**Student:** 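The structure follows.
Everything quoted here is computed from the prediction, not taken from an experiment. In the text below, chain A, chain B and the rest are named by the order of the sequence lines, each starting its count at 1.
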Number of protein chains: 2
Amino acid sequence: MKVRKLIVSLSVVGMSSVAIADAQLRAEVAKLIQPIQPVVISADQKAKVELGKQLFFDPRLSMSGIISCNTCHNVMLGGVDNLKTSIGHKWQPGPVNAPTVFNSKLNLAQFWDGRAANLKEQAAGPIQAPVEMAMPHTLAVEVIQSIPGYVSQIQAIYGTDKVSLDHITDAIAAYEETLVTPNSPFDRWLRGDDKAMTAEQIAGLKIFYESGCVACHNGPNLGGNSYQKMGVVEPYRSSSPAEGRAAVTKKDEDRWFFKVPTLRNVELTYPYFHDGEASTLEEAVVLMGRLQLGRTFSDDEVKKIVAFLHALTGERPQDVLPLLPASGPNTPRPDPFK
Amino acid sequence: MKVRKLIVSLSVVGMSSVAIADAQLRAEVAKLIQPIQPVVISADQKAKVELGKQLFFDPRLSMSGIISCNTCHNVMLGGVDNLKTSIGHKWQPGPVNAPTVFNSKLNLAQFWDGRAANLKEQAAGPIQAPVEMAMPHTLAVEVIQSIPGYVSQIQAIYGTDKVSLDHITDAIAAYEETLVTPNSPFDRWLRGDDKAMTAEQIAGLKIFYESGCVACHNGPNLGGNSYQKMGVVEPYRSSSPAEGRAAVTKKDEDRWFFKVPTLRNVELTYPYFHDGEASTLEEAVVLMGRLQLGRTFSDDEVKKIVAFLHALTGERPQDVLPLLPASGPNTPRPDPFK
C-alpha cells in the first residue's frame, strides 16, 4: 500500500520506475556507506601539516637517501607504488602490497594486520624496517636534528629544538590525515546527483550491494573498518608468508584475517590483495566472489561491478611540491650499500 | 687620476672605501657572470610544460615502476639525489654523479661529457640506460600510449594520438626549461642590493674572482659553458672509469675533460665532481685550488669562498604536485626484477 502510494505521488513529478529503484538503492546504500568528507586544515594545524609533507617526501629519512614515504605511497599516483610488493633498501622486495595512504585515517588501524593503532604509530615502521627505508630511528632523528630548516619548524610547532622520533611521526601523520579524496562520482551520486554515475555503474553498485560485497566493504572507506578472513568459503592459496592478524594477536583463529582494504580509488591502486596477486579489478572481483561469497559472477556482472568500482575514484589533493630544507654541515650522509 | 676623481665624487654621497671596492668588484664580476632570469611560461607552452612535469615525475617510465626522472634529479632537493653516483635499476650504481636539473638549460650541452646537445636529447638517455631506468624506448612509448590521460594531452599539444619518444622527451625538456632558480643573494647583490651578501661572502667572491675560479665558473650558470680538464696543474686521481669528453670526441687530448659544473645552488648539490668524491664544499674548494689553479688556499680563504658559494642558492620553483593520469586496462605493468 505504502509503495503504491509512493509510486503514484512520484509519478506526478515525472519519476520513472528506474529512478525510484535508484532512489531506493541510494537510501539502502547510504545506511552502510558514507561520502568522504573534504578536509579543512585549521590554522593551528597548518605548520605541522607542512612539516609532515616535507618529511613524507624526504629521502634523507632512508639509509640509501633515495627512498621516501612517497616512494611506496605515491600521492601522484593512487597513494601506492602499483607493485605486487614494494621494493625497498638494496632492492629487497617487501612482504606485502603497499596499502594506499589516501583516506587511510579512516581505517580502524594501520598495516594489513592492523599492528599499528594509528597513522603516527604506522609512520615509524617503514623508516626502520630493513627491507623498506632501513634507517635506524636514532639516525633518522640525528639527520632531522642536523637540518636547520627542520629544527626551526619543530621549535615553532613543538616548542623544543631537541628533535624526537615523536615529532617526525606526529607531523607525518598530520599530513597524511589531509590526504582524502572526496567527490568521487559515487559520492556525488550518494549525495543526490543522479547523473554522477552511469546506468552501468549503478547496476554494478546494485550487484555489489545485493550479493554481499558490502558486508565487508562498507563505511566511508568501503573497507578498512574490520578484519576478515581471506578465503571464507574457499581457502585462499598464496605463496605469501603473511599470516595476517594472527601475527599481532598470536591467536591461531586469526590466521589469514586481514584488514579489509578500502575500495576508494581502487582503479588506481592495482595490483590487489595483501600479496598483490590479483593484477586487475576483474580478476579481484571474480576471486572475491568465489572465495568470500561462494558466488560465480557472470561476465556481465563482473563488468558492471568493475564499472562501479571506477566510480570510487575521488579527487586527489592538489598540493604544492614541498621544497626540502638544506642539509647542514653535519648532516649524516646516506649510505646506499650499508 | 681617474680613480682619484671617482673617490672624490663618491665620497660626496657618503660611500666608504669598502663600498667603492665592492662596487668595483661588482662591475668586474658583472662582465663575467649574469643573474639567472626568472622564467615566464607563455600561454602556448603551458600545456606542454604541465605534460612534461607529469612525465618527469612518472615512475611508469622505468622498468621497475619506482624510478622517475625526479628520483635522481630531485627538484624538492637541489635537483639532484645527493649520492656519490646515482642508484638505478636493481640498485645498480651509476657511473657518475647526477648533475642538477636546475638551470640546466643554460649549459652548452648535457651530461658531464656533453654527449647530448640539449635537454630533449638528454631526456632519452636515462630512460633506456640499463643502470638507470632500464626501460626500452619502445616500451616507454607503449606505456604512455596506453594511458588515456597522456594520449589526450599529446593529442591537444602535438595534434596526433600516436605517441612517440619525441613527444615524451620534448615535453620533459619543456618542463626542465622552467626549472631555474633566480634571486639568489649573489644575484640580488649583482643587481645592486649591497645588503644581499654578507661581508664574508663578498670577501669570498673577491678571492673567487681574483684567484681565477671565475676563469671556468662564469656565465649565468657559473659553469656549464665550457669543457675543462679535471687536473690542470696536478693530475686528478680517481677510481671512476669516466673519461670525460674523449668518450664523445674519441680524441685522446680530450681525456679527463668534463663540462664545468654549475655552481648555482651548490650548497644543495653535494657531493661534488663527476665522481662525487668531494663530499663537502670545503673539500671541493681546496682540491680545485690545488689541481686547477696550483694554489693552496688558506683556511680563511676557503671559509670565505664557501660562504660566497652559499650565496648562490636561488629560489627553487614553487610548483604544484602533478597528479598522474590513471593507467589504462592495457598499460604494461612494471617488472622490478627483469
**Student:** Using non-hydrogen atoms only, which part of Ser64(B) is less than 4.5 Å away from chain A: side chain, backbone, both, or neither?
**Tutor:**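 Both parts, backbone and side chain.
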
**Student:** When you look at NZ of Lys105(B), are more than 12 heavy atoms from neighbouring residues, nucleotides or ligands closer to it than 6.0 Å?
**Tutor:**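 Enclosed.
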
**Student:** What's the spacing between Asn82(A) CG and Arg60(B) CZ if we round to 0.5 Å?
**Tutor:**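 Answer for the CG-CZ pair, Asn82(A) versus Arg60(B), is 7.0 Å.
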
**Student:** Measuring from atom CD1 of Ile87(A) to atom CZ of Phe337(B), what distance do you get when rounded to the nearest 0.5 angstrom?
**Tutor:**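 If we round to the nearest 0.5 Å, Ile87(A):CD1 and Phe337(B):CZ are 3.5 Å apart.
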
**Student:** Side chain from CB out, backbone as N, CA, C, O: work out which of these in Leu323(B) comes under 4.5 Å of a heavy atom of chain A, or both, or neither.
**Tutor:**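 It is both, since atoms from each part get that close.
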
**Student:** Would you find a donor on one side and an acceptor on the other, under 3.5 Å apart, between the side chain of Arg316(B) and the backbone of Leu324(A)?
**Tutor:**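 Yes; at least one donor-acceptor contact below 3.5 Å.
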
**Student:** So which of Asn265(A), Thr71(A), Leu83(A) has the biggest tally of heavy-atom pairs under 4.5 Å with chain B?
**Tutor:**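 Of the options given, most contacts go to Leu83(A).
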
**Student:** In Å, rounded to the nearest 0.5 Å, how long is the span from OG of Ser327(B) to CD of Glu267(A)?
**Tutor:**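 Rounded to the nearest 0.5 Å, the OG-CD separation comes to 9.0 Å.
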
**Student:** Distance check, rounded to the nearest 0.5 Å: Cys72(A) atom SG versus Ile66(B) atom CD1?
**Tutor:**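 Here the rounded value is 7.0 Å.
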
**Student:** Quick one: does Trp91(B)'s side chain have a donor or acceptor within less than 3.5 Å of a partner on Pro336(A)'s backbone?
**Tutor:**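 Looks like yes, one N/O pair under 3.5 Å.
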
**Student:** Which region of Asp335(B), side chain (C-beta onward) or backbone (N, CA, C, O), has a non-hydrogen atom less than 4.5 Å from a non-hydrogen atom of chain A, or is it both or neither?
**Tutor:**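 No part of it gets close to chain A.
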
**Student:** Using heavy-atom distances under 4.5 Å, tell me whether Pro329(A) contacts chain B through its side chain, its backbone, both, or neither.
**Tutor:**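 When you check distances to chain B, no heavy atom of Pro329(A) falls under 4.5 Å.
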
**Student:** When rounded to the nearest 0.5 angstrom, what is the spacing between CG in Leu321(B) and CG in Asp319(A)?
**Tutor:**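 Between atom CG of Leu321(B) and atom CG of Asp319(A) there are 6.0 Å.
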
**Student:** In terms of heavy-atom pairs under 4.5 Å with chain B, which of Gln54(A), Met76(A), Lys84(A) leads?
**Tutor:**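 Winner by heavy-atom pair count: Met76(A).
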
**Student:** Using a 4.5 angstrom heavy-atom cutoff, name the option from Pro334(A), Gly65(A), Ser279(A) with the most pairs to chain B.
**Tutor:**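 Between Pro334(A), Gly65(A), Ser279(A), the count favours Ser279(A).
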
**Student:** How long is the gap from OG1 on Thr280(A) to CZ on Arg333(B), to the nearest 0.5 Å?
**Tutor:**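 Thr280(A) OG1 to Arg333(B) CZ: 7.0 Å, rounded to 0.5 Å.
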
**Student:** Given the options Asn74(A), Leu77(A), Leu281(A), which has more heavy-atom pairs under 4.5 Å with chain B than any of the others?
**Tutor:**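 Most heavy-atom pairs under 4.5 Å with chain B: Leu77(A).
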
**Student:** Quick check on Ile67(B) against chain A: is it the side chain, the backbone, both or neither that has a heavy atom closer than 4.5 Å?
**Tutor:**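 For Ile67(B), the contact with chain A is made by the side chain alone.
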
**Student:** Counting only non-hydrogen atoms closer than 4.5 Å, does Pro59(B) touch chain A with its backbone (N, CA, C, O), its side chain (CB onward), both, or neither?
**Tutor:**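 The side chain, not the backbone.
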
